[in-house]
Amino acid sequence: MPALSTLVARRVRQGLCVCALAASLTAAVAVNPLPLGGPARAGADEAGPGPGSPQSRHRGDPALDLPNLLKEGNKPQGPAGEGVATPGAAGIPATALAAYRKAEEVLRGSQPSCRLPWELVAGIGRVESVHASGYGLRGDGSTVRPIRGPRLDGVEFALIRDTDGGRWDGDAVFDRAVGPMQFIPSTWGSWGADGNGDGVKDPNNMFDAALGTARYLCAGDRDLSRSADLDRAVLSYNNSRAYVNAVRKWMDTYRGVGVVETPDDVPAVPHRPDPADGISGVRPGPGPLPGQGQGQGHRQVRPAPQRPADNPAPEPVEKPEPVGKPKPVERPKPVERPEPVERPEPVERPEPVVDHRTVARLEPLGSRELDAEAGAAFGRQPQVRALDAHGHPVPGARITFRIGGTGGVGSTGGIRFATTPATTLATATSDPHGTATAPALQAGDRPGRYTVVATAPGVRGPAAVFTTTVRPAAEPTADRLELWDPETANLPELLRAETGSRFPGLPSLRATDRARPASGVRITATLLPADGADGTVDGTVGPYFEGAHGVAVRTLTLPPAGADGRVTLPTLFTDQCPGTYTLRLTTPSGTVLDFPLTVTPPGSGPRTS
């Protein structure tokens, strides 16, 4: 009887503790109500972490069992008395514990205001996969067997269509949560991290997954030392109040007792987030309290209760056979059935083969802005890199480049490909590095802004667009004017004429710019008084050129210089006013060359008509 009374007292105290816990959790819900997520939606566009994000949807069976509250024998451990977990309940595999602590260390440096405790990340890992126990956790953070949740096809769990091409979850139609922290692939695409420094962000690796969880929980301006922010963070991971309660209780357990670092290879039956992924057809459930059986949240068969050794059960007394009744006929023993053959473990489905020849997106290379002067060739050709769904280069892809804009195309328009006149469409093939280069671009004579758009079959994202600008051509200039024939012997005679005649023949000039012929430069000729003062003689007297309709003009822009820089002066006439004058020639850049002119009275020299 003393043993029986002890057992009854123990059960009563355990029941009271459980009731107290339930009451406290109910009160927490009443004080701080948080909305539950709405119905699952197709697709998985990753928004900011919150109760509506894909990560927070119903995506599998978490281990929601709570830590053992009393040490065996009802002897509390620690000063708090009740509510202190046993060392067995706080056991964490060595590699998982190292990953959780490293995640806290990284976030302490990158986001100190978040105040992330490693025990919170450990609480998530405990509820999601029991720290990857039973999956063959290795020292580098990888596992022998992949940890995957159920197929999210909307039947029993949320509907989330494929977002990773089956790269992480082995399913190219629907998503599945993956790894020890059970990330949705689209969430991992936004918040994944390289926790072990191997250059790969792998949700199946404990170090990477722990750091990705830490980054996800610290999104925005959360301060996880505040209870409300901590609740919001956990609800963004799984929008369930029972999930929040379990994670917080495990976090408090890891804070309140000495954590036991257990070996990675301790035999354990894994907690399986996918109910269909059982052992021998048995679906694992929440299981016993973690203090009993390596701290794993799985279902175990409880042994039948045994009587205490000091109160053995009395042996049964054989009843005497009744007198006069015949003995029953012994029935033949049933033929023993052969023991069932043990079923082999199901063969894992191979990862889907991804077609690396399909272009998923085009990545522009270099600047997207190109410019050239009207009539000139562009100095750079548009280039793109063809990538598949995993970001790998796609060689041999056919990329189409198309010109568009408001200024037209062709030799007299805005821009064109230089391969064929007036073409606005060209195709290029990507090289072994996935790079495709458009043909050279030629600017026309029409300034404006134009676009070059690169597309490829199968690309679902935005096209690669380059903006091209055709600038007005710069005005040609010259920094030097000189006589075409410096040895002209009769130059003084060429610059002398009588009134009412014309100068017998002005010399030709050469215009150069940095010692090269200044082709196309336009020179202005101006007739000035002999002292070289600014302005014409007076606009009505002195030598003159003939303008349109024979009108006398004393300032004239000459025809452009030829390809060799040669400038030919037009005929210069005299009126009835003798005197000395200056013919000034000026380039657009301000270079000046003056010729002295002499007009004599009639009969003082040879006359030309």
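As the structure is a prediction and not an experimental result, all values here were calculated from the model.
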Apply the test salt bridge (charged side-chain N to carboxylate O under 4.0 Å, His left out) to residues Glu105 and Arg101: give CA-CA distance (whole Å), side-chain angles for both, the deciding distance (0.1 Å), then the verdict.
CA-CA 6 Å; Glu105 179 184 351; Arg101 285 174 170 164; over 6 Å; no
Could you give me the CA-CA distance, side-chain angles and deciding distance for Asp229 and Arg232, then say whether salt bridge (charged side-chain N to carboxylate O under 4.0 Å, His left out) is met?
CA-CA 5 Å; Asp229 278 4; Arg232 280 191 286 269; 2.5 Å; yes
Would you please test Asp371 and Arg471 for salt bridge (charged side-chain N to carboxylate O under 4.0 Å, His left out) and show each step?
CA-CA 7 Å; Asp371 66 273; Arg471 295 179 278 103; 3.1 Å; yes
Is there a side chain to side chain donor-acceptor pair (under 3.5 Å) between Thr95 and Asp264? Walk through the geometry before answering.
CA-CA 7 Å; Thr95 297; Asp264 293 337; 2.4 Å; yes
Show your reasoning for whether salt bridge (charged side-chain N to carboxylate O under 4.0 Å, His left out) applies to Glu482 and Arg480.
CA-CA 7 Å; Glu482 59 186 2; Arg480 181 177 176 82; 3.2 Å; yes
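Within the 4.5 Å cutoff, the side chain of Pro146 has no heavy atoms near those of the Trp168 side chain. Residues Thr524 and Leu585 have side chains not in contact (no heavy-atom distance under 4.5 Å, counting atoms from C-beta outward). Two residues are said to be in side-chain contact when any heavy atoms from C-beta on lie closer than 4.5 Å; Leu365 and Val384 fail this criterion. Using a 4.5 Å heavy-atom threshold, the side chains of Leu97 and Trp118 count as touching. Side-chain contact between Val521 and Pro588 is present, with heavy atoms from C-beta onward closer than 4.5 Å. Looking at heavy atoms from C-beta onward, Phe207 lies out of side-chain contact with Asp194 at the 4.5 angstrom threshold.
Under a 3.5 Å cut-off, the side chain of Gln381 and the backbone N or O of Ala438 do form a donor-acceptor pair. In this structure, the side chain of Gln442 does not engage the main chain of Ile415 through any donor-acceptor pair within 3.5 Å. Side-chain N or O atoms of His58 include none that pairs as donor or acceptor with a backbone N or O of Ser240 at under 3.5 Å. For the pair Arg368 (side chain) and Pro382 (backbone), a donor-acceptor distance under 3.5 Å is absent. The main-chain N or O of Gln55 is found under 3.5 Å from a side-chain atom of Arg59 such that the two form a donor-acceptor pair. A distance-only check finds a donor-acceptor pair linking the side chain of Thr468 to the backbone of Tyr450 [under 3.5 Å]. Side-chain N or O atoms of Ser589 include one that pairs as donor or acceptor with a backbone N or O of Ala478 at under 3.5 Å. In this structure, the side chain of Tyr216 engages the main chain of Ser236 through a donor-acceptor pair within 3.5 Å. Distance alone, capped at 3.5 Å, is enough to place a donor-acceptor pair between the Ser129 side chain and the Pro180 backbone. No donor-acceptor pair closer than 3.5 Å links the side chain of Asp175 to the backbone N or O of Arg151.
Classification of the Tyr243-Tyr237 ring pair by plane angle, with boundaries at 30° and 60°, yields parallel.
Separating the NE2 atom in His271 from the CD1 atom in Ile147 is a distance of 10.0 Å, to the nearest 0.5 Å. Here the straight-line distance linking atom CH2 of Trp188 with atom CG of Asp208 works out to 5.0 Å at 0.5 Å rounding. Residue Thr427 holds its OG1 atom at 9.0 Å from CZ of Arg402, rounded to the nearest 0.5 Å. Rounding to the nearest 0.5 Å places NZ of Lys102 at 8.0 Å from CG of Leu211. Atom CG of residue Asn196 and atom NZ of residue Lys201 lie 12.5 Å apart, to the nearest 0.5 angstrom. Distance CZ/Arg522 to OG1/Thr557: 6.5 Å, rounded to 0.5 Å.
Between Arg161 and Asp171 there is no salt bridge, since no side-chain nitrogen of the basic residue lies less than 4.0 Å from a carboxylate oxygen of the acidic one. Ion pair Asp274/Arg176 flagged as a salt bridge, since at least one NZ, NE, NH1 or NH2 atom sits closer than 4.0 Å to an Asp/Glu carboxylate oxygen.
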